[in-house]
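The structure under discussion appears below in the form of structure tokens.
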Amino acid sequence: MKRLVIIPAYNEEGAILDTVTDIRNKAPEFDVIVINDCSTDSTRKILEDNAIAHINLPMNLGIGGAVQTGYIYAEKHGYDVAVQMDGDGQHDASYLNDMLAVMKQKKADMVIGSRFIENKGFQSSSLRRVGINFFTGWIRELTHQTITDPTSGMRMVNRRIIELFAEDYPKDYPEPETVVTILKNGYSISEVPVVMKARTSGESSISMRKSVYYMFKVSIACLMAAWSADVVKKAGKK
């Protein structure tokens, strides 16, 4: 089974080497590809100096474009499993094999590493938790399924979802929308408890100023994803 870790990176010079080293030490069965999203710091030099496989994007595509680039790479190189991890040091590679075991056991199409099953480790800011709780409720309303950590950036998918995401992936703030897309199209999601750490360097792409826009845009995107899946299902029955 070919396994790949996709790491989108924008100005992660302070954490990217430690992130990749953590994967190499704790989950050596996984290959790594870093998608350097036109960083303006020394991220690219660190990747080159340390012989870390990477793709340098010619312009900044944002989180969605960077992650989709990783899925396109996974599809073209025949990977059976791909897992997205942040480049800021928040995610612990020791959970990768646990996630893979759950994927095999439950035959899940996606496995999400959730902070909120055991509520250990870094739980995000209070404002972020309000947003996470909102999206958990909104996704439950749209899909009738509960995902405790719908904004988690630590998520593993199988070959079917690799192909789906390589073809189409939201351009920004993609996590909740992709959860709705997967569930509404009949795929399955499981969650496993993980402990995350606070960001070790860099800044989040979602600032306080962007929070209102984020909530509104992603809510509408989730609604449209659910509506689109329902339309396709109804058309298929005719």
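- Counting non-hydrogen atoms of neighbouring residues, nucleotides and ligands closer than 6.0 angstrom, the CD atom of Glu167 reaches no more than 12 such neighbours.
- Minimum heavy-atom separation, Ile63 to Pro174: CG2-CD, 3.7 Å.
- Contact annotation: the side chain of Arg115 approaches that of Thr151 to within less than 4.5 Å [non-hydrogen atoms, C-beta and beyond].
- Residue Thr146 comes nearest to Arg140 through the heavy atom pair OG1-NE, 3.0 Å, listed as atom of the first residue, atom of the second, then distance.
- Contact of the Asn97 side chain with the Phe30 side chain is registered, since non-hydrogen atoms from C-beta on lie closer than 4.5 Å.
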### Query
Does the side chain to side chain contact (heavy atoms under 4.5 Å, CB included) test come out yes or no for Lys26 and Leu96, once each step is laid out?
CA-CA 9 Å; Lys26 296 177 181 177; Leu96 291 180; over 6 Å; no

### Query
After noting the C-alpha distance and the side-chain angles of Ser219 and Phe134, does the key distance pass the side chain to side chain contact (heavy atoms under 4.5 Å, CB included) rule?
CA-CA 9 Å; Ser219 298; Phe134 169 80; 3.1 Å; yes

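- A donor-acceptor contact shorter than 3.5 Å links the side chain of Asn60 to the backbone of Asp37.
- Transitive grouping of hydrophobic side chains (ILVMFWY, heavy atoms separated by less than 4.5 Å) keeps Val231 and Ile182 in distinct clusters.
- For CD of Glu141, the number of neighbouring non-hydrogen atoms (other residues, nucleotides, ligands) closer than 6.0 Å is 12 at most.
- Taking both residues in full, the closest heavy atoms of Val102 and Ser190 are given as CG1-CB, 3.9 Å, listed atom of the first, atom of the second, then distance.
- The shortest distance between side-chain heavy atoms of His54 and Thr43 does not fall below 4.5 Å.
- Expressed to the nearest 0.5 Å, how far OG1 of Thr136 lies from CZ of Phe116 amounts to 8.0 Å.
- Side-chain contact between Ile35 and Leu57: present, with at least one pair of heavy atoms (C-beta onward) separated by less than 4.5 Å.
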### Query
Going through the checks in order, is the side chain to side chain contact (heavy atoms under 4.5 Å, CB included) test met by Tyr95 and Val195?
CA-CA 9 Å; Tyr95 292 104; Val195 175; 3.4 Å; yes

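- Hydrophobic clustering, with ILVMFWY side chains joined whenever heavy atoms are under 4.5 angstrom apart, keeps Phe216 apart from Val130.
- In this structure, Ile147 and Phe135 have side chains that are not in contact, with every pair of non-hydrogen atoms separated by 4.5 Å or more.
- A distance-only check finds no donor-acceptor pair linking the side chain of Glu177 to the backbone of Pro170 [under 3.5 Å].
- Side-chain N or O atoms of Asn11 include none that pairs as donor or acceptor with a backbone N or O of Ser39 at under 3.5 Å.
- We find the CD-CZ distance between Glu29 and Arg24 to be 14.0 Å, quoted to the nearest 0.5 Å.
- Summarising the geometry of Val192 relative to Met99, their closest heavy-atom pair is CG2-CG, 3.5 Å, with the distance given to 0.1 Å.
- Note: Tyr79 and His77 have tilted aromatic rings, judged against thresholds of 30 and 60 degrees for the angle between ring planes.
- Both Val5 and Met1 belong to a single network of hydrophobic side chains, linked directly or stepwise wherever heavy atoms of I, L, V, M, F, W or Y lie under 4.5 Å apart.
- The side-chain heavy atoms of Ile189 and Gln145, taken from C-beta on, include no pair separated by under 4.5 Å.
- One finds the OG atom of Ser42 at 11.0 Å from the CD atom of Glu12 (value rounded to the nearest 0.5 Å).
- A donor-acceptor pair is defined here as one N or O able to donate and one able to accept, closer than 3.5 Å; no such pair exists between the side chain of Asp22 and the backbone of Asp18.
- Asp149 and Ser114 get closest at one heavy-atom pair: CB-OG, 3.4 Å.
- Between the side chain of Thr181 and the backbone N or O of Ala225 there is no donor-acceptor pair closer than 3.5 Å.
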### Task
In sequence, state the C-alpha distance, the side-chain angles, and the governing distance for Lys104 and Val81, and then conclude on side chain to side chain contact (heavy atoms under 4.5 Å, CB included).
CA-CA 11 Å; Lys104 292 178 179 178; Val81 171; over 6 Å; no

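- Residue Ile7 holds its CD1 atom at 8.0 Å from CD1 of Ile52, rounded to the nearest 0.5 Å.
- Here the closest heavy-atom approach between residue Asp86 and residue His91 is recorded as N-ND1, 3.0 Å.
- At least one donor-acceptor pair under 3.5 Å links the side chain of Asn158 to the backbone N or O of Ile161.
- Rounded to the nearest 0.5 angstrom, Ile6 CD1 and Thr69 OG1 are separated by 9.5 Å.
- A salt bridge does not link Lys197 to Asp92: none of the charged side-chain nitrogens sits closer than 4.0 Å to a carboxylate oxygen.
- Considering CZ of Phe165 and CD of Glu75, their distance stands at 13.0 Å, rounded to 0.5 Å.
- Met215 and Met224 fall into different hydrophobic clusters, where Ile, Leu, Val, Met, Phe, Trp and Tyr residues are linked whenever their side-chain heavy atoms come under 4.5 Å apart, directly or through other members.
- Looking at Arg3, its side chain never comes within 3.5 Å of a backbone N or O of Val83 through a donor-acceptor pair.
- Considering only heavy atoms from C-beta on, Trp138 stays 4.5 Å or farther from Val218 through its side chain.
- Asp109 places no side-chain N or O within 3.5 Å of a backbone atom of Tyr187 that could act as its donor or acceptor partner.
- Hydrophobic clustering (ILVMFWY, side-chain heavy atoms < 4.5 Å, transitive): Ile72 and Met156 are in distinct clusters.
- A 6.0 Å sphere centred on NZ of Lys106 holds no more than 12 heavy atoms belonging to other residues, nucleotides or ligands.
- By the 4.5 Å heavy-atom criterion applied to side chains, Gln68 and Lys171 are counted as neighbours.
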